[in-house]
Undergrad: 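Here it is, the structure in full.
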2 protein chains.
Amino acid sequence: MTTDLTTSAPATGPPTLDEVALLAGVSRATVSRVVNESPKVSPEARVAVQAAIAQLRYVPNRMARSLVTRRTDTIALVLSEPNSQVFSDPFFASIVHGVSAALAETELTLVLLTARDAREQQKIARYARQGHVDGVVLMSLHSEDLLPDILTEAGVPLVLCGRPYDGRSVAYVDADNQGGARVATEHLIGLGRSRVAVLTGPMDMIAGVDRHAGWVAATTDAGRRPDPALVAHGDFTEAGGEAAMARLLDQAPDLDAVFVASDPMAVGALRALRAAGRRVPEDVAVVGFDDADVALTSDPPLTTVAQPLDVMTTELVELLGRQIDGRAEPAESRTCPTRLVRRASA
Amino acid sequence: MTTDLTTSAPATGPPTLDEVALLAGVSRATVSRVVNESPKVSPEARVAVQAAIAQLRYVPNRMARSLVTRRTDTIALVLSEPNSQVFSDPFFASIVHGVSAALAETELTLVLLTARDAREQQKIARYARQGHVDGVVLMSLHSEDLLPDILTEAGVPLVLCGRPYDGRSVAYVDADNQGGARVATEHLIGLGRSRVAVLTGPMDMIAGVDRHAGWVAATTDAGRRPDPALVAHGDFTEAGGEAAMARLLDQAPDLDAVFVASDPMAVGALRALRAAGRRVPEDVAVVGFDDADVALTSDPPLTTVAQPLDVMTTELVELLGRQIDGRAEPAESRTCPTRLVRRASA
DNA sequence: TTGAAAGCGCTAACAT
DNA sequence: ATGTTAGCGCTTTCAA
């Protein structure tokens, strides 16, 4: 099954650099230069090579190339989360969309990897260590994740989407959750509301913690005591928001404003408020937190804290790129500002 | 920057086979045999090599291996669909979950790729042609997709998830949509209903076409004329289902049963029925089509046609595996039977 | 500007 | 059972 090199016998598999070189009447090196757009090639040679490439439908073998360049030109976006329905999370979908949009201009390819359990995490770690990707963007939503350590220790360029729960030294990009929550709360206070509640997320997610902290800070700064009765935790879902809002109304019937720390929860909260006969915003002013880069299509339209998802995804690939190129400070991170988007209601 | 081969100087990058061999006091070939679990290795050698591997934290370089084996041990699941919110589609999420579960037992890795436009399709085609993956499972929901042709023509093993719209000769795995729709309709007719409507999907999706065809077949077989007034098309979404149901009630106020061709649409349809003051199932009997392998948690619970997603995903990887190993008939395909799951209501 | 030659890290005959 | 050897397809000095 040895290929006869002396004849121009039809190739066994896909065409190689040598076959192109043969057809174009130049050397391998010249073909390589053309493929890699080196300027040091004569126009005639270039044309001949390009013709040969087209004729043979030549595509460079990335494995062979990677072997020498040590680059794969692909980065992984890994979703480390046991719950498989995270796909349905609009925030996740938006991040995927943003990152791949940021990569669209590039020659880089994005591969999506999911790790539902420790075993799959190991598999991904192996995949990365084996040199399949140049770097990884990790969306890890909870605290007990092995991947950051494994990857860092293995020297795989890594940027987290979302600040790590513990203060570990890893590069990350996050929205300014605390600042956003603070602005939202201040807005509500500025509206003259006296009992401003917060419907925050689970406290094992940093976003939940930070958004709660922002409410506490704004409340304290206004010279008020952060009343525990004004706090309820949802799970960032619509149903969770509805239940938590009901609890809040129970704990503090006199509340006249609420900052809801995610937009699905806000939809649920509005439903609970309606069910309780409270009017929005006359009776209760509501500010939401936009997790999905989508204007909240609620009824009534809500003022929201918007996350700059486009900025975040851009920073994500920018930072990862710097790490890959070796021109990044250790654990260089970004916290992207949010902004308050005022809509009709409050 | 040349590595000094005469000394055991600390390696520049990750450890290589040679370094392991040196440390274990054997040859490269023996290390390779241990790594690849060849039986032709003495216990002593094996132990020594394993120790060296552990000590050096050696991980084989997949690029180098692929270059010679011509295998990457990774397959791609590509989602070819312009609408980026497909991620939210529970059917898609279920397929991803099922395929990766089927692969969990294997050494194969699954990478997810998305193609929102022609440009991204080309990028993916290139990615596959460059030898990054051993094969691809393609979820292409609409008809005008370039990828099947490009990949087939490039000789990339390919299995479609869902029957291709045109009768092209490609391997695919699909649910028996027509059979399922037929059974659902027959069930409704068997219930004694005389005006059985259908709320089907868009006709540029084969699933929509097939499910509609099943309704037509069952209706005709029952000696009835398929009344156009009893047909409405949704877009497989909840909102689309609600709107289409409203249209249906408008076109045929006398309908007393409806087969709804997707479960999100069924949820919407129930809402529309409720809004119109129709009672389910007394007034209108409803059968849904379960796209997400999730028991419909509707109110009231609905009898549904269940797709065997676990079977489908298993077949998907099985078929692709056969193609990769070169032991598959050309365009060998599977149509997986559905079954009717009766619940309280109808 | 071009070509010749030396590998990248690994597997797979082929010897031994 | 083990080592030696020859590449896989490509990039990249180094000469010419």
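Chain letters run A, B, ... following the sequence lines, proteins first and then strands; every chain starts at 1. Predicted model only: the values in this text are computed from it and were never measured.
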Undergrad: Would you please confirm or rule out a distance under 4.0 Å between OP1 or OP2 of dC10(C) and any side-chain N or O of Ser32(B)?
TA: no
Undergrad: Considering every strand and a 4.0 Å limit on heavy-atom distances, what is the contact class for Val26(A): base, sugar-phosphate, or nothing?
TA: sugar-phosphate
Undergrad: If I take atom CD in residue Glu37(A) and atom C1' in nucleotide dC10(D), what distance separates them, rounded to the nearest angstrom?
TA: 17 Å
Undergrad: Of the listed nucleotides (dC10(D), dT12(D), dA1(D)), which one gets closest to any side-chain atom of Ala29(A)?
TA: dT12(D)
Undergrad: Does Glu153(B) come within less than 4.0 Å of Arg129(B), counting only side-chain N to carboxylate O?
TA: no
Undergrad: Please state how far atom CD in Gln130(B) lies from atom P in dC10(D), giving the value in whole angstrom units.
TA: 10 Å
Undergrad: Could you check how far CG of Leu67(B) sits from P of dC10(C), rounded to whole Å?
TA: 12 Å
Undergrad: Please report, rounded to the nearest Å, how far the P atom of dC8(D) is from the CD atom of Glu19(A).
TA: 11 Å
Undergrad: For dG3(D), take OP1 and OP2 only and decide whether either is under 4.0 Å from a side-chain N or O of Thr30(B).
TA: yes
Undergrad: Specify the separation, in whole Å, of atom CG of Asn61(A) and atom P of dC10(C).
TA: 17 Å
Undergrad: Classify the side chain of Arg33(A) versus the base of dG3(C) as yes if they form a donor-acceptor pair under 3.5 Å and no if they do not.
TA: yes
Undergrad: Rounded to whole angstroms, how far apart are CG on Leu17(B) and P on dC8(C)?
TA: 13 Å
Undergrad: Give a yes or no on whether a salt bridge exists between Asp325(B) and Arg71(B), defined as a side-chain N under 4.0 angstrom from a carboxylate O.
TA: yes
Undergrad: Is the shortest side-chain N to carboxylate O distance from Arg322(B) to Glu332(B) below 4.0 Å?
TA: yes
Undergrad: Compare side-chain N and O positions of Thr69(B) against OP1 and OP2 of dC8(D) and report whether any pair is under 4.0 Å apart.
TA: no
Undergrad: Are side-chain N/O atoms of Ser100(B) and Arg116(A) paired as donor and acceptor at under 3.5 Å?
TA: yes
Undergrad: Can you tell whether the side chains of Arg168(B) and Asp166(B) come within less than 4.0 Å, N to carboxylate O?
TA: yes
Undergrad: Can you tell me how far C1' of dG7(D) sits from CE of Met63(A), to the nearest Å?
TA: 18 Å
Undergrad: Name the residue closer to the 5' end of DNA chain C, choosing between Glu44(A) and Asp18(B) according to the nucleotide with the nearest heavy atom.
TA: Glu44(A)
Undergrad: For a quick check of understanding: with a heavy-atom distance under 4.0 Å over all strands, which category does Ser42(A) fall into, base, sugar-phosphate or nothing?
TA: sugar-phosphate
Undergrad: Quick test of your reading of the model: are Arg46(A) and Glu37(A) salt-bridged, counting only N-O distances below 4.0 Å?
TA: no
Undergrad: Kindly say if Asn36(A) contacts the phosphate of dT11(D), meaning a side-chain N or O under 4.0 Å from OP1 or OP2.
TA: yes
Undergrad: When you measure from the side chain of Arg28(B), which nucleotide among dC10(C), dT2(D), dG9(D) comes out closest?
TA: dC10(C)
Undergrad: Have a look at Arg70(B) and say if it touches a base, only the backbone sugar-phosphate, or nothing, with a 4.0 Å heavy-atom cut-off.
TA: sugar-phosphate
Undergrad: Between His132(A) (NE2) and dC10(C) (C1'), how many Å, whole number?
TA: 13 Å
Undergrad: Of Val68(B) and Lys40(B), whose nearest nucleotide on DNA chain D comes first from the 5' end?
TA: Lys40(B)
Undergrad: Looking at Thr16(B), does any N or O in its side chain come under 4.0 Å of the phosphate oxygens OP1/OP2 on dG9(C)?
TA: no
